[in-house]
Amino acid sequence: MKPAAWLAPIGLLVAVMLAWQLIVTGLDVPKFLVPAPTDVFAAAVQHGGALLTGTRTTALESLAGFASSAVIGTAFAFVMTRSRLLEQSLVPYAMFLQTVPVVAVAPLFVLWFDVGFGSVAASSFIVAVFPVINAAAAGLRAVEPDHRALFVLYKASRWQTFWRLEAPSAAPYLASGLRSASGLAVIGAVVGEFVSGYTEGNAGLGTILLSANRQMQTSLMFAAVLCCSLTGLAMFGAVSLGARAFLGRWHAAAR
Amino acid sequence: MQALPSRNIANGPMDAAPHMRLSRVSLVFPTGTKALTDVDLVVEHGQFVAIVGPSGCGKSTLLRVIAGLETASSGTVDAPTRGVAFVFQDANLLPWRTIRANVALPLELAGDHTAGARVEDALRRVGLDGFFDQYPHELSGGMRMRASLARALVTRPRVMLLDEPFGALDEITRYRLQDDLLTLHAELGFTALFVTHSVFEAAYLADRVVVMSGRPGRVVGDLPIHLDRPRSASLRTDPAFGPVVQSVTDVLRAELT
């Protein structure tokens, strides 16, 4: 990357932080409405232990949600694309499930998985799984007709065609689906925590956000939000790097 | 309608029976489009036949019917089902495979995983020595088409079906590949069916030029090309070449007007 690509966003960040600090202190905005960057920093240091634990908890829940959405979403897409009839039968339900808001079903997960890790991971899964299904199904359908003709011509078996043609054709699509899912998994986990997160000990970022909100600790809320974003970014970055390593050299020119 | 698996393969090129025979082959697509009407075509072993015609006349469809990629609506297709290779309009390489792995694909699909030497031999034949581990996007259009030819040759086919393989290449590269294809044909002796919209290319390469009409495709002319082999680049400017091209052009023009 050219220096400008690094320096420009960092410069912008510094400028915004400075402006934020000056406006908030200059206009004497109450801390509980909008804290200054220095207040957020102080809160982050003061609650460092809780935020670290919270980040770990939320990250683990998101990872579980992401991993299950990757596996189950891909499997679902695979089954869905095996026949026209299967696809026509399944798509309406997939779309129906997609429109159910996660906040509405989270209480159900508490019934099924109890409060804590399981139900939060389930919320994360529900939010993350649809981009995976959509992308994987689109990828499996996107095989070049002439590539397929080649496999027909050489009398390839179903499995040969899947592993040597359909799976590699779908890979770039799946990678972009997984990238979206990685960010969404964190959002799903935080929302899940609002409803059914650990209440003590291993409280996640969503739980910290809620309790800070009740106590009007706005600086801590800002710090927790920042931790959520960083967790999401880290997941997104890791998945992007993984995908890039996996897709290798042909990736850039393939699409 | 893929009738009788051909016995010609077993009997070899010395057999007097033709390598493929199409009788009254018609194809109507499910959309109602008539692609082919009553096509008759007989191709002898080792013959190089070019098929020319206006675009959309079904000449590519005809090739796909012979390859078994499309099924004729009526008529009989007596063509080998094994030992047939197809070369597509664009190189049609798998972008996630190296050149070597692309060429190895047909052998791999046949369950032959120990064919490294044959793959490299095929690549050397088409002049791709040293590009084994490149990816398709790292090569020029001409080199990709060479790799595509290598992939077709690696199974040692008895029939090569070529669907406007050089249409997208620049002229110099096209000439070079035409000459290389002639050399390969002379060395390996396969039967070739070469679809092109270039009368010039057809006359230069083929023993026979089959002219097809506009949609629905029919065979309207079948001209032997009496030019000596081996042919080389100088033929393109040879005084004898012009009249041959002209005779094919006349048939095509008569059909178009």
Side-chain angles (χ1 to χ4, degrees), chain A residues 74 77-78 81 83-85 88 135-179 239-255, chain B residues 2 5 60-61 63-71 79-99 101-113 133-141 144 147-148 151-152 154-155 157 159-161 163-165:
Chain A
T74 309
F78 173 75
T81 49
S83 84
R84 191 98 193 98
L85 182 68
Q88 280 167 340
L140 288 169
R141 279 190 228 107
V143 174
E144 295 272 345
D146 275 354
H147 287 166
R148 198 177 279 289
L150 191 68
F151 278 70
V152 172
L153 215 62
Y154 288 113
K155 302 176 176 59
S157 70
R158 256 183 120 87
W159 280 111
Q160 284 176 325
T161 307
F162 177 73
W163 285 113
R164 289 177 173 76
L165 177 65
E166 290 167 353
S169 293
Y173 290 81
L174 182 62
S176 80
L178 291 179
R179 274 198 293 270
V239 172
S240 300
L241 280 178
R244 180 173 283 246
F246 182 72
L247 295 179
R249 270 210 281 177
W250 63 277
H251 162 86
R255 301 285 150 198
Chain B
Q2 193 73 29
S60 295
T61 308
L63 220 54
R64 295 174 69 88
V65 167
I66 294 168
L69 292 171
E70 304 276 359
T71 308
T81 57
R82 300 188 158 277
V84 179
F86 200 104
V87 179
F88 294 81
Q89 264 175 43
D90 60 357
N92 198 27
L93 299 169
L94 305 178
W96 55 86
R97 284 179 168 242
T98 60
I99 294 306
N102 262 292
V103 174
L105 182 74
L107 300 175
E108 223 177 286
L109 293 177
D112 183 354
H113 293 272
D133 297 312
Q134 307 283 309
Y135 283 82
H137 74 264
E138 295 169 323
L139 302 187
S140 67
R144 282 201 291 269
S148 191
R151 178 179 61 191
V154 78
T155 54
V159 179
M160 287 275 274
L161 304 173
D163 185 8
E164 291 188 42

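Every chain is numbered from 1, with letters handed out A, B, ... down the list of sequences. On a predicted model such as this, the values are computed, not experimentally measured, just so you know.
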_Quick check against the 3.5 Å criterion: does A/Asp146 have a side-chain atom that pairs as donor or acceptor with the backbone of B/Asn92?_
no
_Intermediate values then yes/no, side chain to side chain contact (heavy atoms under 4.5 Å, CB included), A/Lys155 and B/Leu109_ = CA-CA 8 Å; A/Lys155 302 176 176 59; B/Leu109 293 177; over 6 Å; no
*asked:* Does A/Leu153 form a side chain to side chain contact (heavy atoms under 4.5 Å, CB included) with B/Leu69? I'd like the steps, not just the answer.
replied: CA-CA 7 Å; A/Leu153 215 62; B/Leu69 292 171; 3.8 Å; yes
*Mind running side chain to side chain contact (heavy atoms under 4.5 Å, CB included) on B/Leu107 and A/Tyr154 for me, showing each step along the way?*
CA-CA 9 Å; B/Leu107 300 175; A/Tyr154 288 113; over 6 Å; no
*Toward chain A, the part of B/Arg151 with a non-hydrogen atom under 4.5 Å*: both
*Heavy-atom distance under 4.5 Å to chain A: side chain of B/Leu93, backbone, both or neither?*
backbone
_Holding to salt bridge (charged side-chain N to carboxylate O under 4.0 Å, His left out), I want the full list of residues that pass it with A/Arg164, two or more places apart in sequence or in another chain._
B/Glu108
*side-chain contact (heavy atoms from CB on, under 4.5 Å) partners for A/Ser240, two or more places apart*: A/Arg179, A/Phe236
*asked:* I'd like to check A/Phe151 versus B/Leu94 (side-chain heavy atoms, cut-off strictly below 4.5 Å). Are they in contact?
replied: yes
*Checking B/Phe86 against chain A: side chain, backbone, both or neither under 4.5 Å from a heavy atom?*
both
